[in-house]
Amino acid sequence: MEVPTRRKPVIYCVCLFFIVNFFLQISDAFYLPGSYMHTYSTGDHIYAKVNSLTSIETELPYSYYSLPYCKPLGGIKKSAENLGELLRGDQIDNSPYLFSMNVNHSIYLCTTPPLSEVEVKLLKQRTRDLYQVNMILDNLPVMRFANQNGIKIQWTGFPVGYTAPDGSADYIINHLKFKVLVHEYEGNGVEIIGTGEEGMGVISEADKKKVSGYEIVGFQVIPCSIKRDPEVMTKLHMYDIISSSDCPAELDKYQPIKEQERVAFTYEVDFVKSDIRWPSRWDAYLKMEGSRVHWFSILNSLMVIFFLAGIVFVIFLRTVRRDLTRYEELDKEAQAQMNEELSGWKLVVGDVFREPEGSKLLCVMVGDGVQILGMAAVTIVFAALGFMSPASRGMLLTGMIILYLFLGIAAGYVSVRLWRTLKGTSEGWRSVSWSSACFFPGIAFIILTTLNFLLWGSKSTGAIPIYLYFELFFLWFCISVPLTLIGGFMGTKAQQIDYPVRTNQIPREIPARKYPSWLLVLGAGTLPFGTLFIELFFILSSIWLGRFYYVFGFLLVVLLLLVIVCAEVSVVLTYMHLCVEDWRWWWKSFFASGSVALYVFLYSINYLVFDLQSLSGPVSAILYLGYSLLMAIAIMLSTGTIGFLMSFYFVHYLFSSVKID
């Protein structure tokens, strides 16, 4: 008998589930998010890769081969890069640095032609701007250690060069002492499943003998500057063996950056066996610093939540419920007499659901807020579960963009349904859907295009290529916009939210107040900001100081606390406005929690002034402020949406309990 068509997908899913479950049960498997294990035999060749040069001084990435470094024999070949890597400014190329597994040696690479005036100027500029060379071996970034004031500090990458303490001369790093940590792997009954940049892969029983060998679990470097005799070095060929060298202590033995100087590049490799296992090799990069500060932030947020919860508890159980109980126990004549003596929120019953000014913009902003909030929540949950490992560069940003595109359906649905609630009709829903699809992306496009012109002018790899612009436009108009329109159409078919009370034809006059109500609204943003600002410091440090951020578990908790605080703050502020007979609560409930974005942007400026003092040049400052503004707008839309939706539910519930003839 033929299976009905509607049931086929269900049957396929069930069969796929049992097949996957069967293979997982017959193996002792473990999951490594974001990586795929490679094993090497002794003598196997491994080439290192190089990423863009980066600096915390300028925040402008540049190509590795923009400086006069040695090039591979087969020419420069770019690695395939995902959307997130391109937007981050990563440019991963092959390099001439060749490693042979478990073979310790010192190798000559090349000697440059005499340095020209332009090359010397560029090398000096990159050196003084503290640019770092980012090298990758088996998907591990190179790491170096430095001592500052007796404290051992860990860095990723190594500097382009050194500047003398008196600033009189600059020296190029031309000798690298690599230390590669390896772990011997025997392939005994273990299967590996990975989802890294190399794709998915499973090591089966038949391949166990093939994978037995050595895993790379650490990649460290000691950078040196050594002045060598160019006449001797030019007689050598690439990959010739040379004698090992120690890093000199005297400046006169360093390789200076001068015109007509010929720089010889060399390196040496030392393979060291390690007890570090493959799943733990990223632990050195992801060491969680300041865990006590994270816990303090969470405890501080909990205190704010309990304080606000107490206020909400008093509002609901003592004030609102008491008034409603008294009101319902009266007969109709007594209710009519009481209505004449009422004060506070009960007097605005005929105006509380009056359509606000700029209702279309409110619908659009709430819809976009739902889209951004959904993207952030899902991304943080997946990252906290380990599905977005830093081993997969650009995965986090790529995942956020994909989620944002597909959550356009939620933005269209929410904005159109709110539009129907305010207008009482579906007329004009297409315009609302189009506006939702273009509002925040349009703002992001304007900001990013402006910043991109600055990056183009600086010839930075951080500039978005023209073809990527067309790809982003394709994703925007071929995925996000249609899904938003579909969501809007679904919103027209959803059940309309009916108001519990009728709206009077003539608006009620709002009593004069001693101070503007917007002051209270702006001040309310300090409470959500108190929940957020400590974690915000770590996020800004990871973005602008080149540190890894991987405490997404803490970030998930902070997000949950932020949602609760935003909801409570908005409800309290809405109730306070209604009590003084101010029925214009719509926008105020949005900005009561959304005003946290103002404090986020001000804190970003504070971080720029006091924590990024080394940031040099107006271009770098404009880039920082542009990205900070975009982040603040996204936070305003998402937190404002939380406050508005909670206030709408509160007001609807409050006035649905009042009996009005």
(message) Check this for me: F601, atom CZ, are more than 12 non-hydrogen atoms of other residues, nucleotides or ligands nearer than 6.0 Å?
(response) yes
(message) Under a plain distance cut-off of 3.5 Å, with no hydrogens placed, do T574 and S647 share a side-chain donor-acceptor pair?
(response) yes
(request) Look at the aromatic rings of F650 and Y575 and report parallel, tilted or perpendicular, splitting at 30° and 60°. (result) perpendicular
(message) Less than 6.0 angstrom from the centroid, inside 45 degrees of the normal: does R508 satisfy that with respect to the ring of W583?
(response) no
(request) Step by step, work out the side chain to side chain contact (heavy atoms under 4.5 Å, CB included) result for M365 and F440. (result) CA-CA 8 Å; M365 293 176 71; F440 180 72; over 6 Å; no
(request) State, to 0.1 Å, how close T421 and Y499 come at their nearest heavy-atom pair, and which atoms those are. (result) O-OH, 3.1 Å
(request) Please indicate whether Y649 has more than 12 foreign heavy atoms, meaning atoms of other residues, nucleotides or ligands, lying under 6.0 Å from its OH. (result) no
(message) Which residues pass the side chain to side chain donor-acceptor pair (under 3.5 Å) test with T450, not counting sequence neighbours?
(response) none
(message) Filter on salt bridge (charged side-chain N to carboxylate O under 4.0 Å, His left out), then keep only pairs touching residues 413-424, sequence neighbours left out; what's left?
(response) E355-K423
(request) Assess whether ring pair (Phe, Tyr, Trp, His ring centres under 6.0 Å) is satisfied between F552 and F382, documenting all intermediate values. (result) CA-CA 9 Å; F552 289 104; F382 273 88; over 10 Å; no
(message) Can you confirm whether the side chains of S593 and T639 place a donor and an acceptor under 3.5 Å from each other?
(response) no
(request) Just say parallel, tilted or perpendicular for the rings of W586 and F648, cut-offs at 30° and 60°. (result) tilted
(request) Would you please test F644 and F590 for ring pair (Phe, Tyr, Trp, His ring centres under 6.0 Å) and show each step? (result) CA-CA 5 Å; F644 172 80; F590 185 92; 7.0 Å; no
(request) Would you please classify the geometry between the W282 ring and the Y285 ring as parallel, tilted or perpendicular, with 30° and 60° separating the classes? (result) tilted
(request) Quick one: pull up OG in S433 and OH in Y413 and give me the separation to the nearest 0.5 Å. (result) 12.5 Å
(message) For the backbone of Y653 and the side chain of S656, can you confirm whether one donor and one acceptor N or O come within less than 3.5 Å of each other?
(response) yes
(message) Does this structure show an ion pair linking D351 with R584, if we count only N-O contacts that are shorter than 4.0 Å?
(response) no
Show the atom names and distances, to 0.1 Å, of all donor-acceptor pairs under 3.5 Å that link a side chain in residues 558-565 to residues at least two apart or in another chain.
none

(message) Do S480 and L475 make a side-chain contact, defined as non-hydrogen atoms from C-beta onward lying under 4.5 Å apart?
(response) no
(request) Can you sort out the partners of P482 under side-chain contact (heavy atoms from CB on, under 4.5 Å), two or more places apart, ordered by chain and number? (result) none
(message) On a heavy-atom basis, which atom in L556 and which in A384 lie closest, and how many Å separate them?
(response) CD2-CB, 4.4 Å
(request) Would you please classify the geometry between the Y599 ring and the F529 ring as parallel, tilted or perpendicular, with 30° and 60° separating the classes? (result) tilted
(request) Over 60° means perpendicular and under 30° means parallel, so classify the ring planes of Y607 and Y603, tilted if in between. (result) tilted
(request) Locate the shortest heavy-atom distance separating S436 from T484; write the atom from each residue and the value. (result) CB-CG2, 4.1 Å
(message) Checking Y624 now: which residues fulfil ring-ring contact (aromatic ring centres under 6.0 Å, His included) with it, not counting sequence neighbours?
(response) W544
(message) Treating S595 as the side-chain partner and G525 as the backbone partner, does any N or O pair qualify as donor plus acceptor under 3.5 Å?
(response) yes
(message) If you compare all heavy atoms of I447 against all heavy atoms of G626, which two are closest, and at what distance to 0.1 Å?
(response) CG2-O, 3.6 Å
(request) Just say parallel, tilted or perpendicular for the rings of F445 and W476, cut-offs at 30° and 60°. (result) tilted
(request) Just jot down the side-chain contact (heavy atoms from CB on, under 4.5 Å) partners of L86, sequence neighbours excluded, or say none. (result) E81, Y467, L468
